[in-house]
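Okay, structure first, notes after.
In listed order, ligands and their atoms are each counted from 1. Index from 1, following the sequence. Just so it is clear, the values below take in all heavy atoms, side chains as well, and ignore hydrogens, waters and symmetry mates.
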Amino acid sequence: MTLAATLIAAGLLPAQPRGNDMVMDASSPGARIQETMYGIFLEDINFAADGGLYAELVKNRSFEYANALQGWKTWGNVTLREDGPFERCPHYVRLAYAGHPSVITGVQNEGYFGMGVREGAEYRFTVWARKQGKGEAGLGILLADPSSMGDVQQFTDEYVEITSAKWQKYEVVFTCPKTVEKAVLRVILWSEDPGVSVDIEHVSLFPTDTFNGDENGLRKDVAQALADLHPGILRFPGGCIVEGVNLDNRYQWKNTVGPVENRPINLNRWSYSQFERMFPDYWQSGGLGFFEYFRLAEEIGAEPVPIISCGMACQFLNDPQWDVNVPLEDLQTYIDDALDLIEFANGSVKSKWGKVRAEMGHPEPFGMKYLGVGNEQWGKDFLARFEPMVKAIRAKHPEIKIIGTSGPYLGGEWFDELWPEMRRMEIDLVDEHYYSSETFFERNANRYDNYPRTGPKVFAGEYAAHGADGKKFNHFNAALTEASFMTGLERNADVVVMSCYAPTFAHVEGWQWRPDLIWFDNLRVMRSASYWVQQMYSSHRGTRVLPLTMDGKAVSGREGQNNLSASAVWDETTGDYIVKVANLGNYAQVVNLHLKGLPSPVTACERTVFHSDNPMEENTLDEPERIVPRTSDVDITPVAEPQNPWIMGMRTDAEGCPHYSERLGGRTFVIYRFKTK
Ligand code: AHR
């Protein structure tokens with residue numbers, strides 16, 4: 001018995017001597033693949049924003065947390081006060097003489113899991129301060145490594161003289177001499193006059209080298225990971241934090257624009273919503289607010305997709321009896337929030353909110369086209385609020401495409417009730433969420449094959465494959481099943497016009513939810529296996545869907561399709577034909593790609609392969625490149641013996657059609673890019 005026969009008998013190799021013949025038809029381009037197709041979901045969960053993407057290193061910089069000194073330690077005479085210069089952030093601390101010339105007065109901030117600082121990098125310390133008393137006074141600004149066993153913990157020693165009795169912003173920029181993952185910041189009162197005290201407020205430390213060099217900017221390495229996805233959309237600010245635990249706790253975008261010192265903080269519901277992983281010091285500073293989200297979208301070339309509250313607190317956390325929904329007669333506040341947001345993003349600089357945008361440094365409109373109303377809501381209470389909001393938005397801004405919801409689950413009662421309502425209201429896009437098992441993703445590459453072709457489009461707004469047995473890792477197999485499922489998104493690009501993996505970010509010490517696309521600590525970033533799948537799709541998006549069939553049927557891993565799913569697109573701008581194939585079988589199998597109807601011969605081919613021998617393997621911060629796609633050139637020199645079906649490589653089939661064959665490894669995702677120019 002040959003090896004192949006033995007493997008076939010053992011069920012390890014399918015008995016299919018001719019391989020799997022797939023036919024791509026280049027002569028019938030189908031739906032346009034929208035530029036919005038592959039996007040990013042941003043929510044401040046897992047310390048994604050504060051402590052993550054937002055480059056601020058100081059936690060509780062304005063002493064506004066419920067425990068005003070959370071994140072701070074003090075020496076000497078430090079008192080909390082609340083009549084500061086910023087109306088919506090009134091707290092500050094007074095540093096005063098401690099009663100003895102040798103006793104230090106000062107504060108120390110622990111940062112978010114410490115402060116990551118780098119050798120040779122420049123940092124900008126700023127503080128709002130004023131001096132009481134006549135003598136000279138200043139602040140020592142020290143970075144220290146509290147874990148150091150050296151004689152000296154401090155490794156920077158800067159000084160800011162405080163000159164005025166009026167509140168002023170002071171700044172010192174310095175170069176850091178050393179890389180430390182968990183530094184602390186010390187701010188010490190220096191004065192020889194016991195009658196002198198210094199008040200400090202909004203104590204801030206940023207690297208100057210932020211993403212795109214923006215002030216109040218983003219951590220460069222973390223933001224770059226987003227930019228490298230070339231996302232079509234940026235959805236923000238969530239997720240559940242849009243809704244809030246109660247209405248007061250909802251995300252209020254108006255609190256996140258204007259001078260950063262005066263943005264009120266908001267408790268992050270993820271500080272306690274996952275009981276198993278709670279973080280008592282998780283607040284939203286508002287520093288990464290709506291202006292910064294719009295700016296980021298612009299900088300990375302993504303359409304901004306804001307989501308706003310529909311006047312309902314999180315339904316999962318609240319009993320309907322508790323009256324946590326805004327009374328219908330008060331819905332106008334929420335409608336105004338929506339209309340004002342459109343004005344903020346797109347309005348003239350003479351308009352109230354357009355002026356705010358301009359004063360923040362962006363007189364040009366952001367060109368917002370989409371607006372999501374509500375997140376994962378359902379039921380009659382939702383529809384009673386959603387519909388009037390939609391009507392009001394449409395009446396004033398018919399140009400804005402509205403995103404509705406199908407609830408929190410991929411199907412079921414709420415889903416089945418909501419979709420017809422969305423159709424009735426002619427909502428532009430419906431947000432579907434599915435955090436589901438690898439098996440779901442493996443078996444549902446055909447999810448959208450039979451969706452109605454008219455009516456609202458689908459925004460697959462949050463999805464991720466979660467491992468079996470409750471194991472939620474970013475392991476290779478989860479990513480592979482996502483790759484397989486995504487062939488179905490691509491094939492149905494006339495129905496699905498936006499999609500986002502979720503959540504996007506997680507701090508390794510601060511996560512509440514996993515898996516996540518991108519992990520980081522204070523100094524490093526790791527792109528997960530799922531990240532690479534998203535990146536492979538967005539880098540090979542194409543512009544038109546092409547029919548790709550096996551035995552006349554779409555290739556979606558159905559019976560008789562040998563665990564293969566596949567899709568094809570044409571990129572009109574480059575003239576390339578792109579075929580994506582996922583082999584979810586545990587065995588290698590031959591795939592024959594028949595490239596029917598090409599306008600000209602294939603001149604070159606590139607192949608990007610995504611594989612790991614171990615389905616449970618993950619990238620880690622220590623080994624971030626265990627699983628990455630590998631691109632190589634395919635030899636397209638015509639191979640001999642064109643009649644022999646076992647010959648791999650490029651040849652011409654009996655119909656005269658170019659035909660590429662490959663023995664595709666088990667549990668592998670591959671993208672072929674055939675060039676014809
Ligand atoms: O992505 C995490 C959460 O999952 C989102 O906040 C919510 O929309 C969904 O339930």
Side-chain angles (χ1 to χ4, degrees), residues 39-50 52-53 226 231 233-246 249-251 253 266-279 282 284 288 293 305-310 312-318 371-379 382 386 403-412 414-415 418 429-437 440-441 458-467 470 472-474 478 482 498-507 510-519 528 530-531 534:
I40 290 172
F41 162 91
L42 276 192
E43 174 171 24
D44 196 358
I45 178 173
N46 305 322
F47 286 84
D50 288 297
L53 182 59
L226 291 183
I233 64 157
L234 180 71
R235 169 182 166 173
F236 56 90
C240 291
I241 65 169
V242 170
E243 303 153 51
V245 170
N246 52 39
N249 180 238
R250 75 190 189 277
Y251 194 99
W253 72 266
N266 192 12
L267 183 60
N268 192 314
R269 58 166 285 163
W270 295 110
S271 70
Y272 51 78
S273 283
Q274 298 297 74
F275 187 68
E276 305 78 13
R277 292 188 62 86
M278 297 199 290
F279 295 83
Y282 196 4
Q284 300 171 71
L288 170 49
Y293 277 126
V305 180
I307 314 286
I308 51 159
S309 162
C310 63
M312 293 178 79
C314 177
Q315 287 172 280
F316 275 119
L317 298 181
N318 291 290
L371 179 60
V373 180
N375 174 63
E376 287 192 351
Q377 262 100 17
W378 66 85
F382 166 59
F386 178 75
I403 301 174
T405 177
S406 58
Y409 300 126
L410 55 87
W414 298 333
F415 184 96
L418 283 164
L429 296 102
V430 176
D431 187 9
E432 292 192 356
H433 292 182
Y434 26 93
Y435 296 99
S436 204
S437 65
F440 166 82
F441 281 89
V458 170
F459 172 23
E462 294 184 29
Y463 70 86
H466 287 190
K472 295 179 178 174
F473 302 119
N474 283 106
E482 287 154 9
M498 291 180 181
S499 62
C500 304
Y501 181 100
T504 295
F505 285 126
H507 191 296
W511 64 273
Q512 300 87 44
W513 179 300
R514 68 179 177 185
D516 305 288
L517 210 57
I518 300 165
W519 289 78
S528 70
S530 292
Y531 175 97
Q534 295 294 320

Kindly compute the distance separating OH (Tyr409) from CG (Leu418), expressed to the nearest 0.5 Å. 13.0 Å
What distance separates Phe47 CZ from Ser271 OG, expressed to the nearest 0.5 Å? 8.0 Å
Between Asn375 and ligand 1, which part of the residue brings a heavy atom under 4.0 Å of the ligand: side chain, backbone, both or neither? side chain
Nearest protein heavy atom with distance in Å, relative to atom 4 (O) of ligand 1: Glu462 OE1, 3.2 Å
When rounded to the nearest 0.5 Å, the distance separating CD of Glu243 from SG of Cys310 is 7.5 Å
Separation between CD (Glu432) and CZ (Phe415), nearest 0.5 Å, reads 4.0 Å
dist Asp431:CG -> Glu376:CD (nearest 0.5 Å) comes out at 8.0 Å
Return the orientation label for the Tyr434 and Phe441 ring planes: parallel under 30°, perpendicular over 60°, tilted otherwise. tilted
Using a plain distance cutoff, I'd like to know if Pro503 has any nitrogen or oxygen under 3.5 Å from a nitrogen or oxygen of ligand 1. no
Could you check which of Glu376, Arg269, Glu43, His433 puts a non-hydrogen atom nearest to atom 5 (C) of ligand 1? Glu43
Below 4.0 Å from ligand 1: does a non-hydrogen atom of Pro408 turn up there or not? no
Atoms of ligand 1, numbered as shown, that sit under 4.0 Å from any heavy atom of Trp270: 6 (O)
Does ligand 1 have an atom under 4.0 Å from some heavy atom of Tyr435? yes
